[in-house]
Amino acid sequence: MLTQKKRYQTNKLHKRLRRLVGTAIADFNMIEAGDRVMVCLSGGKDSYALLDILLNLQAHAPMGFELIAVNLDQKQPGFPEKVLPEYLGELGIPFRIVEQDTYSIVKRVVPEGKTTCSLCSRLRRGVLYRVASELGATKIALGHHRDDILETLFLNMFYGGKLKAMPPKLVSDDGRHIVIRPLAYCREKDIATYAESAAFPIIPCNLCGSQPNLQRQVIKEMLQQWDRRFPGRLETMFRSLQNVQLSHLADTAKFDFKGLKTQGSPYANGDMAFDEETFDQPIEEMMLSLVEKTGNSS
């Protein structure tokens with residue numbers, strides 16, 4: 001039974017997450033009047049929280065929009081088929097359960113010991129695009145949060161040589177759909193607390209979630225360690241994604257370095273070549289620790 005203090009903290013968290021989702025939707029114009037939003041529900045904490053918050057916002061929004069929940073049953077062994085239909089039926093929300101045996105394809109194609117995420121993601125994406133077209137959905141909502149976005153940024157930097165993250169809003173691969181991530185401003189640990197308090201019937205993924213040594217898991221643990229040692233650091237890192245200065249990077253396709261010329265007035269955000277870069281000691285220790293760990297694992 002919740003104490004009065006616990007109930008207050010829970011209500012405060014719920015309000016904050018709803019505010020953050022509402023802000024993200026407004027900042028990126030994710031949902032418009034008349035939209036039919038297909039909410040992809042995996043059975044994990046993030047997608048449950050996403051649906052729950054969107055239902056709340058729908059009830060109080062000044063504009064009308066539809067929600068339809070979609071789950072892809074990938075035929076994983078032991079998948080509890082009744083959990084989601086019963087949960088969604090109780091909510092009274094329109095939903096569709098799509099049965100597609102992508103599990104067998106992934107297990108057949110991917111060699112034993114190799115990560116399955118890439119192929120599984122591509123197969124799942126293709127099915128969801130098709131279903132969105134069948135349902136006449138104008139938006140596809142995914143449950144990725146702020147931590148997912150930061151993890152993707154570091155994955156691309158460390159392993160892909162790209163300065164690229166996971167955008168809150170984008171056009172799908174086939175060019176026919178708008179994909180949105182309303183949880184973009186939300187922290188994973190807050191979503192986990194939210195899901196626990198709401199007692200969502202969580203369904204674990206036994207295809208990819210149980211794989212050890214995933215690159216994403218390594219990055220996740222690194223960020224969680226930083227968050228514990230330096231509270232607020234992840235917030236600062238996320239803000240950097242919203243404050244990009246192309247003139248201070250090195251992509252000649254994105255900024256005209258060759259055509260750069262002097263001018264007779266001060267240059268906004270100009271070079272500070274003679275200014276010494278200064279960082280506090282904890283950051284230097286943190287990066288040294290990261291380098292040492294990387295060296296030891298290679």
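Since the model is a prediction, treat every value here as computed from it, not as a measurement.
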### Query
When you look at Asp147 and Leu223, which way does the side chain to side chain contact (heavy atoms under 4.5 Å, CB included) test go after all the steps?
CA-CA 8 Å; Asp147 297 59; Leu223 293 180; 5.9 Å; no
### Message
Set out, in order, the CA-CA distance, both residues' side-chain angles and the distance that settles salt bridge (Lys or Arg N to Asp or Glu O under 4.0 Å) for Glu196 and Lys45, then state yes or no.
### Response
CA-CA 8 Å; Glu196 182 180 1; Lys45 68 182 190 314; over 6 Å; no
### Query
Should Leu150 and Leu234 be marked as a side chain to side chain contact (heavy atoms under 4.5 Å, CB included) after you check the CA-CA gap, both sets of side-chain angles, and the distance that decides it?
CA-CA 8 Å; Leu150 285 174; Leu234 299 191; 4.1 Å; yes
### Task
Output, in order, the C-alpha distance, side-chain angles, deciding distance and verdict of side chain to side chain contact (heavy atoms under 4.5 Å, CB included) for Phe79 and Ile203.
CA-CA 8 Å; Phe79 183 80; Ile203 302 174; 3.7 Å; yes
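The shortest side-chain heavy-atom distance between Leu163 and Leu153 falls under the 4.5 Å cut-off. Side-chain contact between Arg181 and Leu170 is present, with at least one heavy-atom pair separated by less than 4.5 Å. Looking at Glu235 and Arg146, their side chains come closer than 4.5 Å, going by heavy atoms from C-beta outward. Contact of the Leu13 side chain with the Ser197 side chain is not registered, since no non-hydrogen atoms from C-beta on lie closer than 4.5 Å. Counting only heavy atoms from C-beta outward, the side chains of Leu41 and Leu88 approach each other to under 4.5 Å. Using a 4.5 Å heavy-atom threshold, the side chains of Pro168 and His144 count as separate. Between Asn71 and Phe95 there is no side-chain heavy-atom pair separated by less than 4.5 Å. Residues Gln9 and Lys6 form a side-chain contact, since some pair of their non-hydrogen atoms from C-beta on lies under 4.5 Å apart.
The distance from atom CD of Gln215 to atom CD1 of Ile219, rounded to the nearest 0.5 Å, is 8.0 Å. Atoms OG1 and CE, from Thr138 and Met38 in turn, are 11.0 Å apart once rounded to the nearest 0.5 Å. Rounding to the nearest 0.5 Å gives a distance of 6.0 Å between CG of Asp148 and CZ of Arg216. Leu142 CG to Ser42 OG: the interatomic distance, rounded to the nearest 0.5 Å, is 10.0 Å. Separation of atoms CD (Gln224) and CD (Gln217) is listed at 7.0 Å; rounding is to 0.5 Å. The distance from the CZ atom of Arg176 to the OH atom of Tyr129 is 11.5 Å, given to the nearest 0.5 Å.
With sequence neighbours excluded, no residue satisfies side chain to side chain donor-acceptor pair (under 3.5 Å) with Lys169. Residues passing the side chain to side chain donor-acceptor pair (under 3.5 Å) test with Asp190, sequence neighbours excluded: Arg16, Arg187. For Lys189, the salt bridge (Lys or Arg N to Asp or Glu O under 4.0 Å) partners are Asp227, not counting sequence neighbours. Partners of Tyr194 under the ring pair (Phe, Tyr, Trp, His ring centres under 6.0 Å) rule, at least two apart in sequence or in another chain, are His14. Residues passing the side chain to side chain donor-acceptor pair (under 3.5 Å) test with Arg228: none are found, sequence neighbours excluded. Listed by chain and residue number, nothing satisfies the ring pair (Phe, Tyr, Trp, His ring centres under 6.0 Å) test with Tyr159 (two or more places apart in sequence, or in another chain).
Of all heavy-atom pairs spanning Ala69 and Leu51, the tightest one is CB-CD2, 4.3 Å. Ile149 approaches Ala184 most closely through the heavy-atom pair CD1-CB, 3.8 Å. Nearest heavy-atom pair across Ala132 and Ile140 is CB-CD1, 3.7 Å. What you find for Leu128 and Cys40 is that their closest heavy atoms are CD1-SG, 3.8 Å. Annotation for Val179 and Ser172: closest pair CG2-CB, 4.2 Å, computed over non-hydrogen atoms.
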Ignoring hydrogens and angles, write down the donor-acceptor pairs under 3.5 Å from the side chains of residues 19-30, residues two or more places apart or on other chains.
unit_1 : atom_1 : unit_2 : atom_2 : d
Thr23  : OG1    : Arg19  : O      : 2.8
Asp27  : OD2    : Tyr185 : OH     : 2.7

Could you go through residues 53-63 and list every donor-acceptor pair under 3.5 Å that involves a side-chain atom there, pairing it with any protein atom two or more places apart or in another chain?
unit_1 : atom_1 : unit_2 : atom_2 : d
Asn56  : OD1    : Arg18  : NE     : 3.4
Gln58  : NE2    : Phe65  : O      : 2.7
His60  : ND1    : Asn56  : O      : 2.8

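Residue Tyr8 qualifies as open at atom OH: its count of foreign heavy atoms under 6.0 Å is 12 or below.
Note on residues 50-72: pairs passing salt bridge (charged side-chain N to carboxylate O under 4.0 Å, His left out), not counting sequence neighbours, are Arg36-Glu66. Legend: salt bridge (charged side-chain N to carboxylate O under 4.0 Å, His left out) pairs involving residues 132-145, not counting sequence neighbours, sorted by first then second residue: Glu32-Lys139, Asp35-Lys139, Arg96-Glu134, Arg130-Glu134. For residues 244-263, every residue pair satisfying the salt bridge (charged side-chain N to carboxylate O under 4.0 Å, His left out) rule, not counting sequence neighbours, is listed here: Asp251-Lys254. A ring-ring contact (aromatic ring centres under 6.0 Å, His included) check over residues 32-56, counting only residues at least two apart or in different chains, returns the pairs Tyr48-Tyr87, Tyr48-Phe200.
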